[in-house]
S.K.: 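Starting off with a structure, shown below.
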Amino acid sequence: MRLGRGGNSPRGRDLGSNEERPDMPSYHPQRIEPKWQAYWERHKTFRAPDAPTSKSKLYILDMFPYPSGAGLHVGHPEGYTATDILCRYQRMRGRDVLHPMGWDAFGLPAEQYAIKTGTHPRETTRANVDTFRRQIKALGFSYDWDREVDTTDPGYYKWTQWIFLQLFDTWYDPDYEWVDPSGAARVGKGRPIAELPIPEDATDADAYRDSKRLAYRAEVPVNWCPELGTVLSNEEVVDGRSEVGGHPVVRTPLKQWMLRITAYADRLIDDLEDLNWSRAIKDMQRNWIGRSEGAEVDFAVEGNAASIRVYTTRPDTLFGATYLVLAPENPLVDAIATPECARGVAGYRDAAARKSDFDRAELSKTKTGVFTGAYAVNPVNGARVPIWSADYVLMGYGTGAIMAVPGHDERDFEFATAFGLPITRVVAARVEDAGLPLDAAESAYGVAVNSRNDSIALDGLPTAEAKSAITSWLEARGLGKKTVQTKLRDWLFSRQRYWGEPFPIVLDENDRAHAVPESELPVVLPELADFKPSGRPEPPLGKAADWVRYSPTLRRETNTMPQWAGSCWYFLRYLDPKNDARPWSRELERLWMPVDLYVGGAEHAVLHLLYSRFWHKVLFDRGEVSTPEPFQRLINQGMILGEVEYTGFRDSGGAWVSAEHARGADESLTRVKLEEEDVVKKGEGFVLASEPAVRVDARAHKMSKSRGNVINPDAVIAEYGADSLRLYEMFMGPLEAVKPWSMKGVEGVARFLGRAWRLVIDHDAEEVQLDDRVRDVELTTEQAKLVARTVAAVTDDFEAMRFNTSISRLMEFVNAFQGFETRPKRALETFTLLLAPLAPHVAEEMWEALGHGATLAYEPWPSFDPALLKDDEVEVPVQVNGKLRARVVVPADAAADAIEAAAKADERVAQWLVGKTIRKTVVVPGKLVNFVVS
RNA sequence: GCCGAAGUGGCGGAAUGGCAGACGCGCCGGACUCAAAAUCCGGUGGGGUAACACCCGUGUGGGUUCAAGUCCCACCUUCGGUACCA
């Protein structure tokens with residue numbers, strides 16, 4: 001697109017596009033951008049120092065991408081641009097900046113592709129990485145490419161395996177008292193397994209040790225996904241379906257590797273406190289960990305030696321427990337079921353097992369269950385309570401058994417109502433309400449009622465006090481104890497897939513696990529021709545028979561690690577990416593860590609961030625890293641949606657249906673995409689221009705291939721340039737907000753860059769040269785003030801990461817400077833430096849034209865004289881009764897009474913004051929005057 | 001249901017408790033051009049006026065304050081997360 005002056009050009013008439021005129025000196029990103037990208041690469045401009053000097057270090061990290069086959073989408077450059085701006089700004093402020101990039105390249109899609117086409121995942125991955133690297137480089141980000149890491153590189157996953165061995169070699173001692181490197185006293189530590197005390201009654205010391213490791217194997221009910229041919233972690237299962245692909249997941253018991261993340265649950269919650277993360281993300285992590293305090297209570301079973309232990313957060317309601325419920329999978333079910341009921345109970349359990357988690361969640365609207373025929377005894381009042389089995393109780397949480405208090409728990413109420421079980425009140429708002437009937441569960445706190453026996457009376461106690469009173473009573477009698485539970489379970493860490501890190505583990509004839517010696521790392525992924533999953537839980541690596549046979553008595557573990565493994569520690573490898581002897585140098589870790597700013601999508605709020613923090617804490621306990629938390633500050637960029645779409649609805653007869661009647665997935669309606677000119681705003685929403693009674697849907701949707709609203713960064717760069725793309729992504733709005741894309745908006749910022757360019761460059765000349773109006777002269781006072789204000793505002797905005805407003809400030813500068821016939825070079829140099837972090841290519845080109853020989857990347861950030869921010873005179877708004885009535889101009893340093901006098905002297909103000917009494921006068925010097933009159 | 005975030009022109013958005021709507025898009029008018037594009041200049045919340053004046057206006061309803069988009073209370077809507085976790 002030609003931006004020059006058409007027919008006046010010495011090159012003659014309308015000779016079309018830049019493609020035909022590559023020497024055009026008008027703003028031409030396609031020429032400028034590759035030039036400076038090549039310059040930066042050749043000069044290694046953004047190479048970070050190996051070690052930072054003194055305290056000026058800054059580690060700014062992007063979440064590294066999974067290089068998918070689809071290439072970069074516009075969501076990636078959003079966060080990457082923000083961090084790049086900050087890095088470029090901070091380098092100009094003299095900080096030592098570490099800003100690396102790499103690839104999270106293990107994962108299912110490459111393997112799925114291999115199954116379909118036979119292409120080795122390594123090939124697919126390499127091609128995808130190349131595409132991503134090219135696309136990211138085309139955006140001009142200032143990464144230190146010498147630190148690039150790839151999780152699938154054996155030189156990298158050697159150390160992922162090494163960290164796994166640290167986990168394997170560690171047990172958690174919750175009572176260990178120690179002092180951490182910062183001098184803080186701590187309780188609880190991951191310690192070497194060699195330090196584990198073996199109890200005297202342990203018959204098998206090795207088995208005992210294995211049961212205490214942070215990485216251990218266990219036969220557990222897992223989320224098996226037949227479609228994907230692998231098990232999945234709890235975090236990877238959403239609504240009973242795989243997070244990836246939405247395939248059904250069933251529960252089946254399997255021997256799997258687990259990581260004991262639950263040992264760190266308290267620290268993972270407590271240490272959130274000091275992190276500069278958004279409240280939303282901290283809450284998500286806390287909720288996921290789901291710590292709750294309560295009590296375990298034992299119920300004796302009538303005519304049976306067994307007793308049932310339940311977990312409750314409301315021990316204060318124990319007197320209201322009118323029945324017990326066991327999870328169908330609870331082994332006690334069979335032990336206590338009476339012969340008459342055994343059949344029904346077994347049938348119920350089998351049916352529950354056959355249901356996928358998805359069905360179980362879906363069909364949960366109505367509660368199901370079966371009576372076991374057995375009775376337990378309520379320990380506080382001796383009441384005979386029936387024992388049921390129902391799938392609304394989960395085996396995996398607490399003890400897999402509950403005491404049901406239908407009066408004060410919604411689920412229990414529903415179940416009791418369905419099966420005609422008794423409901424009693426044991427909590428009320430006031431003691432006098434003890435006799436009030438219950439027509440719904442009342443779970444709110446209040447005071448205990450109807451809760452006394454011969455040795456304890458809770459009646460009248462507020463809930464919190466009742467809880468501790470009854471808990472002490474139970475503890476004193478050995479009937480129960482205070483307990484803490486978490487929703488978080490141990491992390492299921494093995495996958496039955498090929499494209500992942502092999503475990504550095506061999507199994508002996510007794511199926512006992514042993515660490516592969518560190519000297520043998522990495523355990524390299526064997527070659528394989530056939531990647532097809534068997535449909536049974538046997539990993540594909542089993543097919544590599546020679547590889548599996550480690551020795552006559554030892555075979556290799558054939559599971560692989562989940563995709564999250566590599567991303568748990570990649571930020572540490574960046575510090576020292578070429579080190580063969582260690583995963584990272586302890587010295588460099590101490591100097592660079594923690595990450596000062598981490599930017600990425602909120603979709604990783606629980607998975608990556610929780611896993612990563614867990615590993616880091618283990619490494620911290622083992623003395624491998626110096627900080628308990630890896631990411632000091634976290635910012636989640638908001639999603640970028642597609643362009644706003646207007647959708648109308650037609651019924652089968654072709655008549656328009658108003659949007660409010662089209663809610664839900666009504667199959668009989670046809671969705672019609674409308675153009676902007678077909679609709680008009682009316683009230684809260686939009687309606688058809690032709691039929692204003694018909695409302696239409698107006699909203700931006702998530703970008704998706706199926707919707708066809710995906711914006712390809714390559715296309716944007718080809719048309720408008722990387723600088724415009726970067727600028728637009730920042731100009732859209734606050735970094736953390738969800739924002740709809742608009743191509744018109746990209747054009748807007750591209751126009752701004754064109755104006756900025758023409759402010760400096762003579763766009764009629766053959767070569768890139770300064771415009772005649774750019775002169776080496778002093779700034780006028782007006783210009784100096786404008787420059788100072790711009791520097792001050794942009795600096796403030798950068799510090800606060802308000803990139804949208806910083807761009808506005810630069811636009812205002814250009815709009816004002818366009819009007820000056822003479823443009824002092826100094827002013828334009830300052831402007832160019834301010835623009836550089838945002839639009840580095842065009843800034844470099846302008847900097848060169850302004851007569852500088854080298855990159856501006858390390859030029860000192862512009863400063864300004866604060867005196868220039870003050871004006872001699874200010875305009876002060878004058879209000880009467882809070883309403884703006886006039887503005888008066890007064891000296892900036894005018895005293896309150898002088899301003900008041902000036903305000904009163906104003907003709908318009910006087911009109912509003914005539915005949916009134918001034919009750920009060922508020923004068924904020926330099927800001928405002930308000931007369932309160934009546 | 002629960003937790004979190006957000007509701008401001010036609011649109012994206014801006015406003016340490018102190019002039020609501022900066023900046024951009026779009027639109028309207030003008031300059032340049034044979035014409036268009038590009039570029040430049042001006043205007044643009046609604047009502048009202050010949051033009052001023054003036055009135056109304058930040059999801060809704062209350063409150064605090066000389067002054068509220070901003071603080072407090074209640075509610076509505078949208079988005080994100082989560083959901084038998086006892």
Side-chain angles (χ1 to χ4, degrees), chain A residues 1-8 14 26 238-239 278-284 286-288 290 292 294 310-314 317 325 360-361 364 367 390-394 396-399 401-405 409-412 414-415 443 485-489 602-603 605-606 638-639 644 676 679-681 684 686 698-700 728 731-734 736-749 751-752 754-755 758 763 802 804-805 807-812 815 818-819 875-879 881-884 886-887 908 911 919-922 924 927-933:
Chain A
M1 194 73 25
R2 182 137 191 268
L3 302 178
R5 270 189 208 158
N8 290 341
D14 312 314
S26 43
V238 178
D239 288 338
S278 77
R279 188 177 169 172
I281 299 290
K282 286 188 182 183
D283 280 354
M284 278 192 227
R286 282 193 202 103
N287 290 341
W288 190 265
S292 71
V310 303
Y311 172 72
T312 177
T313 53
R314 293 292 299 272
T317 61
V325 187
R360 214 154 138 170
S364 66
K367 297 238 178 319
D391 66 2
Y392 84 92
V393 173
L394 308 177
Y397 183 75
T399 58
I402 61 153
M403 64 176 211
V405 185
D409 181 282
E410 232 171 88
R411 298 149 301 182
D412 296 341
E414 224 180 282
F415 190 84
S443 54
Q485 280 289 338
T486 56
K487 285 199 269 182
L488 183 73
R489 328 259 174 93
E603 66 272 20
V606 282
M639 204 190 327
V644 173
E676 208 176 331
V679 300
V680 66
K681 178 93 177 190
E684 289 282 275
F686 284 82
R699 51 184 296 196
Y728 176 64
F731 190 60
M732 291 170 89
E736 299 183 71
V738 177
K739 305 158 284 248
W741 186 266
S742 157
M743 252 343 175
K744 293 282 191 196
V746 184
E747 281 176 38
V749 294
R751 274 201 284 271
F752 158 68
R755 281 201 302 277
R758 291 192 301 276
H763 59 284
R802 289 186 303 247
N804 53 335
T805 50
I807 295 166
S808 299
R809 292 305 198 147
L810 294 173
M811 286 174 168
E812 288 179 88
N815 291 346
Q818 271 184 152
E875 200 180 60
V876 175
V878 183
Q879 299 179 338
N881 282 347
K883 290 198 179 193
L884 180 70
R887 296 184 178 88
R908 283 156 303 177
Q911 277 172 26
R919 300 290 173 195
K920 183 170 183 175
T921 304
V922 180
V924 185
K927 279 285 184 191
L928 158 144
V929 180
N930 188 13
F931 295 108
V932 184
V933 304

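Letters A, B, ... mirror the listed sequences (proteins, then strands); counts begin at 1. Note that this is a predicted model, so its numbers are computed, not measured.
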S.K.: Does B/C19 have OP1 or OP2 sitting under 4.0 Å from an N or O in the side chain of A/R887?
M.R.: no
S.K.: At less than 4.0 Å, is any side-chain N or O atom of A/R758 found next to OP1 or OP2 of B/C40? Yes or no.
M.R.: yes
S.K.: When rounded to the nearest Å, what value does the distance between P atoms of B/U58 and B/C71 take?
M.R.: 15 Å
S.K.: For a quick test of reading the model: is some side-chain N or O of A/R809 closer than 4.0 Å to OP1 or OP2 of B/G24?
M.R.: no
S.K.: Checking the side chain of A/D409 only, and the main-chain atoms of A/A404 only, is there a donor and an acceptor separated by less than 3.5 Å?
M.R.: no
S.K.: Out of B/A86, B/U16, B/C23, which nucleotide sits closest to the side chain of A/V393?
M.R.: B/A86
S.K.: Please check the phosphate of B/U65 (OP1 and OP2 only) for any side-chain N or O of A/N930 closer than 4.0 Å.
M.R.: no
S.K.: Among B/G18, B/C3, B/U82, which nucleotide sits nearest the side chain of A/W288?
M.R.: B/U82
S.K.: In terms of side-chain heavy atoms of A/P734, which of B/C3, B/A15, B/G13 is nearest?
M.R.: B/G13
S.K.: Distance check, C1' atoms only: B/G69 and B/U8, in whole angstrom units.
M.R.: 7 Å
S.K.: State whether A/N804 places a side-chain N or O below 4.0 Å from either non-bridging phosphate oxygen (OP1 or OP2) of B/A14.
M.R.: yes
S.K.: Using whole Å, report how far CZ of A/F752 lies from P of B/C40.
M.R.: 12 Å
S.K.: Check whether any side-chain nitrogen or oxygen of A/S742 sits under 4.0 Å from OP1 or OP2 of B/C11, and answer yes or no.
M.R.: no
S.K.: Should B/G9 be called syn or anti, with syn set as within 90° of 0?
M.R.: syn
S.K.: Does B/C19 have OP1 or OP2 sitting under 4.0 Å from an N or O in the side chain of A/Q879?
M.R.: no
S.K.: Taking the P atom of each, how far is B/C23 from B/C40, in whole Å?
M.R.: 15 Å
S.K.: Does the A/K744 side chain pair with the main chain of A/S742, one donor and one acceptor, at a distance under 3.5 Å?
M.R.: no
S.K.: Atom NZ of A/K739 to atom C1' of B/G12: distance rounded to whole Å?
M.R.: 11 Å
S.K.: Using the side-chain heavy atoms of A/R755, tell me which of these nucleotides is nearest: B/A22, B/C3, B/G24.
M.R.: B/G24
S.K.: When the P atoms of B/C72 and B/G18 are compared, how many Å lie between them, rounded to an integer?
M.R.: 15 Å
S.K.: Please classify the nucleic acid contact of A/V922 as base, sugar-phosphate, or nothing, using heavy-atom distances under 4.0 Å.
M.R.: base
S.K.: Run through RNA chain B and report every stem of 3 or more consecutive Watson-Crick or G-U pairs, distances under 3.5 Å, ordered by first number.
M.R.: B:1-7 with B:76-82, B:10-12 with B:23-25, B:26-31 with B:39-44, B:45-47 with B:54-56, B:59-63 with B:71-75
S.K.: Start at the 5' end of RNA chain B and walk down; is the nucleotide closest to A/G882 or to A/P877 reached first?
M.R.: A/P877
S.K.: Distance check needed: B/U65 P versus A/K920 NZ, whole Å only.
M.R.: 10 Å
S.K.: With respect to the phosphate group of B/C41, does any side-chain polar atom (N or O) of A/Q818 fall under 4.0 Å of OP1 or OP2?
M.R.: yes
S.K.: Base, sugar-phosphate, or nothing for A/R286, non-hydrogen atoms under 4.0 angstrom?
M.R.: nothing
S.K.: OP1 or OP2 of B/C79 less than 4.0 angstrom from a side-chain nitrogen or oxygen of A/R699, does that happen here?
M.R.: yes
S.K.: For residues A/N881 and A/V932, determine if any side-chain heavy atom of one lies less than 4.5 Å from a side-chain heavy atom of the other.
M.R.: yes
S.K.: Expressed as a whole number of angstroms, how long is the span from A/E676:CD to B/G12:C1'?
M.R.: 12 Å
S.K.: Could you give the distance separating B/G80 and B/A31 at their P atoms, to the nearest angstrom?
M.R.: 49 Å
S.K.: How far does CZ of A/F686 sit from CZ of A/R699, to the nearest 0.5 angstrom?
M.R.: 14.0 Å
S.K.: Under 4.0 Å: is that the gap between some side-chain N or O of A/R751 and OP1 or OP2 of B/C25?
M.R.: yes
S.K.: With C1' as the reference atom in both, quote the distance from B/G45 to B/A14 in angstrom, rounded to an integer.
M.R.: 15 Å
S.K.: How long is the gap from CD on A/Q485 to OG1 on A/T399, to the nearest 0.5 Å?
M.R.: 7.5 Å
S.K.: Measuring from A/R887:CZ to A/Q879:CD, what's the distance to the nearest 0.5 Å?
M.R.: 10.5 Å
S.K.: Need one value for A/N815: base, sugar-phosphate or nothing, where a base atom within 4.0 Å counts as base even if backbone is also close, heavy atoms only.
M.R.: sugar-phosphate
S.K.: Give, for atom OG of A/S292 and atom CZ of A/R314, the distance between the pair rounded to the nearest 0.5 Å.
M.R.: 12.5 Å
S.K.: Scan A/V924 against the nucleic acid and name what it touches under 4.0 Å (heavy atoms): base, sugar-phosphate only, or nothing.
M.R.: base
S.K.: Starting at the 5' end of RNA chain B, which residue's closest nucleotide do you reach first, A/S808 or A/A602?
M.R.: A/S808
S.K.: Using the C1' atom on both, measure B/G43 against B/C25 and round to a whole Å.
M.R.: 16 Å
S.K.: So A/G748, base contact, sugar-phosphate only, or nothing? Heavy-atom distance under 4.0 Å.
M.R.: sugar-phosphate
S.K.: For the C1' atoms, the ones on B/G9 and on B/C28, what distance do you get once it is rounded to whole angstrom?
M.R.: 16 Å
S.K.: Side chain of A/N287: nearest nucleotide among B/C3, B/C23, B/A14?
M.R.: B/C3
S.K.: Once you round it to whole Å, what is the distance between C1' of B/C54 and CZ of A/R908?
M.R.: 14 Å
S.K.: Tell me the interatomic distance from A/E812, atom CD, to B/A14, atom P, rounded to whole angstroms.
M.R.: 14 Å
S.K.: Does A/K681 make a side-chain N or O approach to OP1 or OP2 of B/C11 shorter than 4.0 Å?
M.R.: yes
S.K.: Starting from P on B/G24, measure out to NZ on A/K744 and report it in whole angstrom.
M.R.: 16 Å
S.K.: Could you tell me whether the side chain of A/N930 reaches within less than 4.5 Å of the side chain of A/K920, counting heavy atoms only?
M.R.: no
S.K.: Could you tell me if the side chain of A/I402 sits less than 4.5 Å from the side chain of A/D412, heavy atoms only?
M.R.: yes
S.K.: Would you indicate what A/S292 reaches in the nucleic acid, counting non-hydrogen atoms under 4.0 angstrom: base, sugar-phosphate, or nothing?
M.R.: sugar-phosphate
S.K.: Can you see if the side chain of A/Y397 gets near the phosphate of B/A86 - specifically, an N or O under 4.0 Å from OP1 or OP2?
M.R.: yes
S.K.: Using 0.5 Å steps for rounding, measure from the CZ atom of A/R489 to the OH atom of A/Y397.
M.R.: 9.0 Å
S.K.: Determine: side-chain N/O of A/K883 to OP1/OP2 of B/A20, distance under 4.0 Å, yes or no.
M.R.: no
S.K.: Please tell me which of the listed nucleotides, B/C84, B/A86, B/C11, lies nearest to the side chain of A/F686?
M.R.: B/C11
S.K.: Just do the side-chain contact (heavy atoms from CB on, under 4.5 Å) check on A/M403 and A/T317 with the steps written out, would you?
M.R.: CA-CA 10 Å; A/M403 64 176 211; A/T317 61; 3.7 Å; yes
S.K.: Roughly, in whole Å, what's the span from CG in A/D409 to C1' in B/C84?
M.R.: 9 Å
S.K.: Check if the side chain of A/K367 and the base of B/C84 share a donor-acceptor pair of N or O atoms closer than 3.5 Å.
M.R.: yes
S.K.: When the ring planes of A/F415 and A/Y392 are compared, do they come out parallel, tilted or perpendicular, using 30° and 60° as the limits?
M.R.: tilted
